[in-house]
Amino acid sequence: MAMSLDILVRLEEKIDRLLAYKEQLEQECKRLNEEKDSLVQEREFVSQELDRILSRLDFLDQESS
């Protein structure tokens, strides 16, 4: 009987560790998704700025032709 109790205690400890690891992974996933969203917004901003600058350069090129 003591052996089966030990097995249940070990199983419970492993389940607790797995649940803690799952929580850790979920937090890391959330952080990475937030970072990804921020990088996507930054990329969109840079892209818009580059388009604006290229348009101005095109306009200046057309004026000088």
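Count residues from 1 along the sequence. Keep in mind it's a predicted model, so treat the numbers as computed, not measured. Hydrogens, waters and symmetry mates play no part in the numbers below; they use all other heavy atoms, side chains included.
The side chain to side chain donor-acceptor pair (under 3.5 Å) test applied to E49 returns R52, not counting sequence neighbours.
Residues S4 and L8 form no side-chain contact, since every pair of their non-hydrogen atoms from C-beta on lies 4.5 Å or further apart.
For the atom pair CG (L11) and CG (D6), the distance works out to 12.5 Å, reported to the nearest 0.5 Å.
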Using distance only, find each side-chain donor-acceptor pair of residues 30-41 under 3.5 Å and give its atom names and separation, not counting sequence neighbours.
from	atom 1	to	atom 2	distance (Å)
R31	NE	E28	OE1	3.4
R31	NH1	E35	OE1	3.0
R31	NH2	E28	OE2	2.8
N33	ND2	C29	O	3.3

Could you list the donor-acceptor pairs under 3.5 angstrom formed between side-chain atoms of residues 20-27 and any protein atom two or more places apart in sequence or on another chain?
from	atom 1	to	atom 2	distance (Å)
K22	NZ	E26	OE2	2.8
E23	OE2	Q27	NE2	3.1

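F45 and I53 fall into different hydrophobic clusters, where Ile, Leu, Val, Met, Phe, Trp and Tyr side chains are chained together by heavy-atom contacts under 4.5 Å.
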